[in-house]
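Just so you know, residue 1 is the first one in the sequence shown, and it goes up from there.
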Amino acid sequence: MSIEKTHDRLDQRFSVSYEYPVCFTRNILAADNDLLCDTIMRLSEPREHRVQVFIDSGVIEAWPDICDRVERYFSARRGKLKLEGPPLPVSGGEQSKNNRNAAESVMESIAGQHLCRQSYVLAIGGGSALDIIGLAAALVHRGVRLVRLPTTVLSQNDSGVGVKNGIDAYGVKNFAGTFVPPFAVLVDFDFLSTLPQKYWVGGVAEAFKVAIIKDPDLFTYLCNNAEALRDREPVVMEQVIRRTAALHLAHIATSGDPFEFGTSRPLDFGHWSAHRLEIMSNYEIGHGQAVAIGICLDSYYAFRQGYLSSEQLDAIVHGIRATGLPVWSDLLERKTSDQLDILAGIEEFREHLGGELHVTLPDGIGAKLETCDMDAGIVREAIDFLKTKVRDNRAAVQA
């Protein structure tokens with residue numbers, strides 16, 4: 001007796017349109033600045049909007065009156081906005097992302113205020129705090145509305161304007177996370193004035209990253225204004241943030257893969273070694289500083305493959321160094337059983353991409369290509385090259 005097997009199939013396909021504003025301002029919590037209120041009310045929904053506020057503890061330390069300013073802002077807009085409880089601190093910095101308790105604590109607070117899916121979470125802080133708060137907001141009720149107020153250069157020009165949230169886990173950076181677009185991103189340049197120099201220049205690395213592979217004019221601007229960026233010229237930095245954020249937003253909108261279903265990660269140029277360096281240093285090396293080193297490593301690799309000229313390679317390394325970013329760490333030479341520890345980052349990156357390696361390299365300035373293989377010998381050459389650059393510069397300074 002034979003049994004005929006049948007297979008039924010239903011194909012499901014739909015598109016979802018996402019839209020969120022990225023606005024630039026100053027003194028966003030001033031009594032006469034309605035940007036935050038108008039942004040939350042932009043859907044013209046006829047009700048008082050419930051908002052819970054979480055603030056990076058580093059921001060609270062730098063701006064001791066910020067919680068009072070938040071409360072005064074909401075109090076002046078009763079009937080439009082309702083502040084649910086006092087603003088709550090969230091530990092910032094990459095170390096905080098290495099502990100799920102931070103995200104769970106935010107979720108517990110949201111649950112305690114009984115927020116619904118039409119309520120808002122306002123996240124104020126640097127990239128790590130925004131990642132933690134954003135992940136919690138994305139998980140509660142499968143998503144409450146998130147308004148980001150990034151306060152560092154890196155979060156204003158890169159991580160804070162995108163669609164990703166996440167925490168580190170199991171020794172892997174951003175192992176647990178979500179792709180959820182924010183309701184809005186509001187950039188207040190005033191917060192930059194209190195940044196330590198490490199975080200001021202750290203975000204410039206992401207500007208170099210996107211400029212080298214996408215925008216030769218921005219690359220020229222960065223190189224020509226490197227000392228001004230190092231010396232904290234606010235007008236120059238604001239220009240860099242606006243242009244870099246626009247390039248990141250354009251990539252998300254036009255790459256055809258905003259949620260990274262595929263294997264290509266062009267905006268991870270320089271990141272395979274950067275993520276490894278962060279972990280090797282126990283996060284003592286900041287993300288921007290690690291990316292700067294990673295960019296230089298991969299740029300040398302591109303030079304050896306014939307994609308960059310020696311003049312272009314020197315321009316990249318000199319421009320990055322002139323801003324005060326590093327191009328070297330002694331960890332690049334650390335070995336375990338005669339194997340450079342940094343090389344483990346290649347396999348970690350391969351796993352992150354789903355098993356097939358795709359490393360973005362510059363193809364000249366302003367264009368990119370991908371390689372599916374990284375020659376460990378050339379990586380070692382790159383390390384030697386950067387060490388020589390640092391040694392030569394020290395000799396020149398001493399002379």
Side-chain angles (χ1 to χ4, degrees), residues 18-92 103 105-126 129-130 132-151 155-156 160-161 165 180-194:
Y18 289 97
E19 178 183 349
Y20 60 92
V22 177
C23 305
F24 301 91
T25 189
R26 291 184 178 281
N27 200 5
I28 194 168
L29 295 173
D32 60 349
N33 190 336
D34 286 322
L35 177 62
L36 173 58
C37 182
D38 291 345
T39 298
I40 290 174
M41 297 180 63
R42 68 186 175 89
L43 300 184
S44 300
E45 296 164 320
R47 63 169 180 272
E48 186 177 51
H49 299 275
R50 303 175 63 208
V51 186
Q52 188 171 13
V53 179
F54 297 90
I55 307 177
D56 189 325
S57 56
V59 174
I60 294 175
E61 183 178 350
W63 300 80
D65 66 338
I66 190 168
C67 293
D68 291 338
R69 291 173 63 197
V70 168
E71 292 181 352
R72 288 197 300 268
Y73 187 93
F74 278 79
S75 178
R77 290 161 176 82
R78 287 194 181 99
K80 296 180 178 179
L81 305 180
K82 181 183 179 185
L83 181 63
E84 296 291 352
L88 297 177
V90 173
S91 296
S105 177
V106 174
M107 292 174 66
E108 184 177 356
S109 297
I110 295 172
Q113 294 297 336
H114 302 284
L115 297 190
C116 66
R117 297 197 71 225
Q118 283 70 48
S119 301
Y120 295 81
V121 165
L122 173 60
I124 305 174
L130 296 185
I132 293 166
I133 300 164
L135 177 60
L139 295 177
V140 172
H141 299 308
R142 300 189 178 95
V144 298
R145 297 170 177 178
L146 175 69
V147 177
R148 294 195 191 120
L149 209 172
T151 59
S155 60
Q156 290 185 356
V161 303
N165 308 286
V180 179
F183 184 81
V185 181
L186 306 177
V187 174
D188 183 347
F189 290 127
D190 283 354
F191 282 108
L192 302 182
S193 65
T194 60

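- Atom CD of E61 has 12 or fewer neighbouring heavy atoms from other residues, nucleotides or ligands inside a 6.0 Å radius.
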Could you give me the CA-CA distance, side-chain angles and deciding distance for L115 and V140, then say whether side chain to side chain contact (heavy atoms under 4.5 Å, CB included) is met? CA-CA 9 Å; L115 297 190; V140 172; 5.9 Å; no
Should N33 and T25 be marked as a side chain to side chain donor-acceptor pair (under 3.5 Å) after you check the CA-CA gap, both sets of side-chain angles, and the distance that decides it? CA-CA 9 Å; N33 190 336; T25 189; 3.3 Å; yes
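- With S75 contributing its side chain and E71 its backbone, the two residues share no donor-acceptor pair below 3.5 Å.
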Worked verdict on L146 versus F183 for side chain to side chain contact (heavy atoms under 4.5 Å, CB included): CA-CA 5 Å; L146 175 69; F183 184 81; 5.6 Å; no
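- When side chains are defined from C-beta on, S193 counts as touching W63, because their heavy atoms get closer than 4.5 Å.
- When side chains are defined from C-beta on, V51 counts as touching I40, because their heavy atoms get closer than 4.5 Å.
- Heavy-atom minimum distance, V106 versus A136: CG1-CB, 3.5 Å.
- To the nearest 0.5 Å, atom CD1 of residue I124 and atom CD1 of residue I133 are 8.5 Å apart.
- L135 contributes atom CG, which lies 7.5 Å from atom CE of M107 (distance to the nearest 0.5 angstrom).
- Residue D56 comes nearest to G126 through the heavy atom pair OD2-N, 3.1 Å, listed as atom of the first residue, atom of the second, then distance.
- Taking a cutoff of 4.0 Å between a charged side-chain nitrogen and a carboxylate oxygen, E48 and K82 do not qualify as a salt bridge.
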For I60 and C67: C-alpha separation, side-chain torsions, deciding distance, then whether side chain to side chain contact (heavy atoms under 4.5 Å, CB included) applies. CA-CA 8 Å; I60 294 175; C67 293; 4.2 Å; yes
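- In terms of heavy-atom proximity, A184 sits nearest to T39 at CB-CG2, 3.3 Å.
- Among residue pairs with one or both ends in residues 29-44, those qualifying as salt bridge (charged side-chain N to carboxylate O under 4.0 Å, His left out) are D34-R77; sequence neighbours excluded.
- When all heavy atoms of T194 and A62 are compared, the pair lying nearest together is OG1-CB, 3.7 Å.
- Residue pairs satisfying the salt bridge (charged side-chain N to carboxylate O under 4.0 Å, His left out) criterion with at least one member in residues 180-192, sequence neighbours excluded, are listed as follows: R26-D190.
- Separation of atoms CD1 (I132) and OG (S105) is listed at 10.0 Å; rounding is to 0.5 Å.
- With hydrogens and angles ignored, the 3.5 Å screen pairs a side-chain donor or acceptor of R117 with a backbone N or O of G143.
- Legend: ring pair (Phe, Tyr, Trp, His ring centres under 6.0 Å) pairs involving residues 18-57, not counting sequence neighbours, sorted by first then second residue: Y18-F259, F24-F189, H49-Y120.
- For N27, the side-chain hydrogen bond (donor to acceptor under 3.5 Å, both in side chains) partners at least two apart in sequence or on another chain are R69.
- Residues satisfying the side-chain contact (heavy atoms from CB on, under 4.5 Å) test with V180, not counting sequence neighbours, are A138, N165, T178.
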Step by step, would you call I55 with I66 a side chain to side chain contact (heavy atoms under 4.5 Å, CB included)? CA-CA 9 Å; I55 307 177; I66 190 168; 4.1 Å; yes
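- The closest side-chain heavy-atom distance from C23 to V185 is not below 4.5 Å.
- Other residues, nucleotides and ligands contribute over 12 non-hydrogen atoms within 6.0 Å of the CD atom of Q113.
- For the atom pair CD (Q156) and CG (L186), the distance works out to 11.0 Å, reported to the nearest 0.5 Å.
- No side-chain heavy atom of E84 sits under 4.5 Å from any side-chain heavy atom of V53.
- Considering CZ of R50 and CZ of R145, their distance stands at 12.5 Å, rounded to 0.5 Å.
- Annotation for Y73 and L29: closest pair CD1-O, 3.6 Å, computed over non-hydrogen atoms.
- R47 meets the side-chain hydrogen bond (donor to acceptor under 3.5 Å, both in side chains) test with E45; sequence neighbours excluded.
- Nearest approach of V70 to P87, heavy atoms of both residues: CG1-CG, 3.8 Å.
- For the pair P150 and F191, the minimum side-chain heavy-atom distance is 4.5 Å or more.
- Note: S155 OG to L130 CG = 5.5 Å, rounded to the nearest 0.5 Å.
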